[in-house]
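Notes follow once the structure below has been shown.
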Amino acid sequence: MEKVENIKPNYYNNSQLSPFDVIDDWGLDFYSGSIVKYLKRAGKKPGEEKLKDLAKIRTYVDKLIELEQNKNHR
């Protein structure tokens with residue numbers, strides 16, 4: 001198998017921990033991991049407003065709330 005080059009964008013490189021590191025270390029699911037990813041890059045991705053990433057975070061939080069509510073109604 002070929003080694004894949006580091007494809008981590010620059011807007012994730014401004015700290016010692018990448019979102020991948022946090023997601024793996026904390027054992028996060030897709031939705032929680034996405035929250036970490038968008039929080040980390042909010043306002044740093046060229047050409048995108050911080051508000052756009054914050055809205056994405058809200059979408060994933062709403063999904064987690066929905067899943068938790070459905071789990072409690074079974």
Side-chain angles (χ1 to χ4, degrees):
M1 178 184 267
E2 288 184 45
K3 183 178 178 186
V4 178
E5 289 185 40
N6 184 2
I7 58 170
K8 188 171 66 169
N10 288 338
Y11 46 85
Y12 291 131
N13 290 336
N14 63 347
S15 72
Q16 292 180 344
L17 297 176
S18 75
F20 295 123
D21 296 332
V22 174
I23 292 165
D24 290 343
D25 186 61
W26 293 357
L28 299 179
D29 61 32
F30 173 79
Y31 301 110
S32 300
S34 294
I35 292 166
V36 168
K37 177 182 79 166
Y38 288 118
L39 184 61
K40 172 72 171 122
R41 82 171 200 193
K44 297 177 184 84
K45 186 173 182 183
E48 289 201 22
E49 294 182 24
K50 184 175 186 176
L51 188 57
K52 184 174 181 179
D53 284 331
L54 295 176
K56 290 177 184 180
I57 292 167
R58 182 179 7 192
T59 299
Y60 286 106
V61 169
D62 288 344
K63 182 62 176 178
L64 286 173
I65 291 169
E66 175 189 325
L67 291 171
E68 194 65 27
Q69 288 171 334
N70 290 339
K71 185 169 45 171
N72 290 331
H73 287 105
R74 289 183 185 173

Nearest 0.5 Å, please: how far is [atom2] in [Y] from [atom1] in [X]?
| X | Y | atom1 | atom2 | value |
| --- | --- | --- | --- | --- |
| K63 | I65 | NZ | CD1 | 12.0 Å |
| I23 | K37 | CD1 | NZ | 8.0 Å |
| D29 | S34 | CG | OG | 8.5 Å |

Test item: I35 and L64 side chains (from C-beta on) under 4.5 Å apart, heavy atoms: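 Result yes, sub-4.5 Å side-chain heavy-atom pair found.
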Pairwise side-chain hydrogen bond (donor to acceptor under 3.5 Å, both in side chains) hits with a residue in residues 48-58, at least two apart: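 Listed by first then second residue: R41-D53, K45-E48.
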Considering all heavy atoms, the nearest A42-L54 contact: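 Closest approach of A42 to L54, heavy atoms only: CB-CD2, 4.3 Å.
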Mutual orientation of the aromatic rings belonging to F30 and Y60 [parallel < 30°, tilted 30-60°, perpendicular > 60°]: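 Answer is perpendicular, since the angle exceeds 60°.
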